[in-house]
Protein chains: 4
Amino acid sequence: MKTESLALALVECADRRGIIAAASGWLAAVDANIVQADEYAGVDGQFFMRLAFSFDGTRHNFSSLEAGLTAVIGGGSARPGSVRVYDAHTKPAMGVLVSRADHCLVELLYRQRAGELPVSIPFVAGNHPDLAPVVESYGIPFYHVPVTKDTKPQAEARLLELAQGQTDFLVLARYMQIVSGDFITRYGREIINIHHSFLPSFAGADPYRQAWERGVKVIGATAHYVTEQLDEGPIIEQVVERVSHRDDVETLKRKGKSLERQALYHAILAHAERRVIRYCNKTIVFA
Amino acid sequence: MKTESLALALVECADRRGIIAAASGWLAAVDANIVQADEYAGVDGQFFMRLAFSFDGTRHNFSSLEAGLTAVIGGGSARPGSVRVYDAHTKPAMGVLVSRADHCLVELLYRQRAGELPVSIPFVAGNHPDLAPVVESYGIPFYHVPVTKDTKPQAEARLLELAQGQTDFLVLARYMQIVSGDFITRYGREIINIHHSFLPSFAGADPYRQAWERGVKVIGATAHYVTEQLDEGPIIEQVVERVSHRDDVETLKRKGKSLERQALYHAILAHAERRVIRYCNKTIVFA
Amino acid sequence: MKTESLALALVECADRRGIIAAASGWLAAVDANIVQADEYAGVDGQFFMRLAFSFDGTRHNFSSLEAGLTAVIGGGSARPGSVRVYDAHTKPAMGVLVSRADHCLVELLYRQRAGELPVSIPFVAGNHPDLAPVVESYGIPFYHVPVTKDTKPQAEARLLELAQGQTDFLVLARYMQIVSGDFITRYGREIINIHHSFLPSFAGADPYRQAWERGVKVIGATAHYVTEQLDEGPIIEQVVERVSHRDDVETLKRKGKSLERQALYHAILAHAERRVIRYCNKTIVFA
Amino acid sequence: MKTESLALALVECADRRGIIAAASGWLAAVDANIVQADEYAGVDGQFFMRLAFSFDGTRHNFSSLEAGLTAVIGGGSARPGSVRVYDAHTKPAMGVLVSRADHCLVELLYRQRAGELPVSIPFVAGNHPDLAPVVESYGIPFYHVPVTKDTKPQAEARLLELAQGQTDFLVLARYMQIVSGDFITRYGREIINIHHSFLPSFAGADPYRQAWERGVKVIGATAHYVTEQLDEGPIIEQVVERVSHRDDVETLKRKGKSLERQALYHAILAHAERRVIRYCNKTIVFA
């Protein structure tokens, strides 16, 4: 009896002659069937590939395939490259950190329940208790983890404890706290943030006021991976909308909330579908 | 001495296990190097691929590679598929048919001269003589081929004579004549048309008036391959813009002209860069 | 003691010399202060105006101002025109009809609770009971009013009974039933529908499948006032998004749901803010 | 015999009760007929208005109307406000400064000839001679005014001499020189510049390279009035487009050129149609 499994592989390595042939040949040799392939070779000689392939789950498993592909990709290269193979049918677990604003949170909760966001949500944590009811109405645990200047290390330790055991990545859904470099390092997985401006314009505080003061005719929102440099991590998605002189700071905020919801959703969707590769403070986002 | 050539291959065939491995393996075996690859497998089991690969021009040529890839792709299949291999450094020759409106024509002439449209333009032909000066100011021959109800067969014969010898495809840049099925068949290559509406809305005459009467809030323009069914050929590109109650038919026309220029340009760019495959009255347009 | 009230006036009449002067002069004479004014004169000689003005609520009321403005606007004209004066601080009551799909409903419930949609929602009614829990979680009554071919008159009578007493307008938030001309007439107020295509393209059933079959490169959603002619009422808002050959009917549906949410929300926002005037199967939507 | 003239008035003043009534009443009293009116009251209490009105050219002229409206608007106010009345049928004269890049220039020349840009173009001046042929092919004088570090004062004197006598405003159509504060002051009219980024992101040199290095997913172009602070003048128009990891600096430049053409065109169109009022380093752009 044969059981078809479906894998998603993300490959990054130095570009070289025959690399697609090597990878696809090896997969053919183990009787795997590529159902989708996307490649991109950067201007600096780096090669990126996303493969979706089916295989006989009784003969192979995801880690053996990852090991095999890694050997094929890295063969003879000083830089062995990176190969990750995921089970396409296993939804990654997404922890969510929030503060008081609910617009991004509700978008994610709704999308997840509607089957439009292939993740599980083991918990939501907030530095304020305000959003507990909406989270719990979706049947998801909510943890109140207050943060003050003095208790930040303890708060981060608590968040880390929650996150490490049960999440594959974290989302800051308008979490109004800066996470420390130490937290980022110890968590060791991806953290996605939504910034309420069209970065790099208006980094920092109160971007809609900054935008209004500058008199821009287009506003935006930016979803990016979190790094120690605030608002400077690799951008995953940006969404924009025209505005006019009629908009004041309040209407910019209202319009911006829609953009934030869209940008964050699309960034997480791409991440959860294993379509994003980080490289040199940028992202490759396959279609 | 070795000379690197660069090929673009467009492949279409029934999907099957190992097809990427077969193609990339064969290319590796002839020492060709894939520099870009895009694949798409349709829901109906059809497979599409665009490859850019370099090879040693002293050992292989484009037609031998096309023959070789065709054998690999078609091997053992009842439906042999289609493989076209193009020289990436040879710009396709584009004939242009116009009438009196110059906006699409000027966009194409300018883009071609600016190096933003990789085609050559052996001639422009018009059923009115009005646009001869602008064409000739670009150093391109202009032919006046008037069309009346009675002389349409002769006019098409003349256009065919011009086109067959020196063009790889034709563009109808607001050419206000319907080309006959006979012309399409005898020409036998691609013809791209720009329709001044967001098809399938407002097919037929005076689409901006139709759009105004319906009170739509968004207008568009559509570039498509020409088939015998007027306005129903495979769509390559659509461009849209918001409008409002303030727009009358005249401002819709002015705004629409910008959309027509953009849609036609992007469609031709994709076609000229060998990024488009027609299939079942649709198009696959690789990024 | 003086109490400032804020009025919104929507004016429509035959255009004539001095009409703005007459209206603004009359308002100045009654000591009202115009805080915003938008005018539009159509190509057919019709004049449209939206005014926001404050006035002393101890000396005037909304209906006396409506009567006064009507006299000023209609003075000496065979066609007296239409003047409606609304209390800017009174949110219109919006009844919502749904079926099984929840995406538009949740958008409206969320936006209303978040203060981003100035309406009250006295009830939601569904021809299926599925959405009762989500409605009730927002503290809003849900009525299950099943509809079969045989019971449609009774069902519409029940809906009419619900709607007439407590709503200023109705929204069909993916309500999969056709409302009868009789219902529209007897209700006598506005009904807003969301159609899941970029009308007039793909009117009728299963528009995403139609869009996929036609191979369009842009999809859309259309919010419009309901008339007896299905899918042909005055368009209030259209929202569009680029798609590609990679999209199948399922991803078009998922992307389309986002467009439906946006188009319906923006249409209702404009309607609730008294920014829309219907005229000749079109709409004037002030910014 | 009566001759209808058409005026465009731009009004800016401190907001106060009855201002629309005063202006429209005065126009009615002199038998002028308002055909279009747009108002905007800013959050800081400033009032802006654009009026289009017809009047009897045998009884009034543009400067008497400007004086009359100024008295009405300023009556009794410590801040008299600003009123400009233009002849709607007189196209403003636009001088153009260029360097070597021709994309913006050709867009403007084409649009002007096509009747899509209501300006006259008395001359184009370039610090390089390269674009003389294209300018002269449109029948417009071209002046070569080279600029070096040492000759900048003389060059600006020459440009000023050209501009002062025959232009109403200037456009820097990718003119790669910084104009001095002295030049701006002495010219004393509007200067419009196109910056090849979505300001305030990527001000300064080589913005497409900056955008590529930051890995943004949307690029833009910004048309703004020139002030002494480089790239910080009031923004008139911004146009944006999605890009991806596939774009390198070259394709960003190519895509950006299209955005620059669009942003500059729309900004000049708004300016030439007297739809723009500058205020506090921002712009009010009426629709």
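So you know, we letter chains A, B, ... as the sequences are listed, proteins then strands, and number each from 1.
Residue pairs meeting the salt bridge (Lys or Arg N to Asp or Glu O under 4.0 Å) criterion with at least one partner in residues 209-218 of chain A, sequence neighbours excluded, are D206(A)-R209(A).
Contacts of E39(B) with chain A are made by both backbone and side-chain atoms, with heavy-atom separations under 4.5 Å. Looking at A22(A), neither its backbone nor its side chain comes within 4.5 Å of chain B, counting heavy atoms on both sides. Interface residue A28(B): only side-chain heavy atoms are found under 4.5 Å from chain A. In this structure, no portion of A29(B) lies under 4.5 Å from any heavy atom of chain A. When heavy atoms are compared at a cutoff of 4.5 Å, I34(A) approaches chain B solely by way of its side chain, counted from C-beta outward.
Of all heavy-atom pairs between S24(A) and S24(B), the closest is OG-OG, 2.9 Å.
Using a 4.5 Å cut-off on side-chain heavy atoms (C-beta onward), R17(A) and D31(B) make contact.
One distance of note links CD1 of I19(B) with CG of N33(A); it measures 10.0 Å at 0.5 Å rounding. Taken to the nearest 0.5 Å, the CG atom of D38(B) stands 7.0 Å off from the CG atom of D38(A).
Contacts of H195(A) classified as side-chain hydrogen bond (donor to acceptor under 3.5 Å, both in side chains), with partners at least two apart in sequence or in another chain: S197(A), D231(A).
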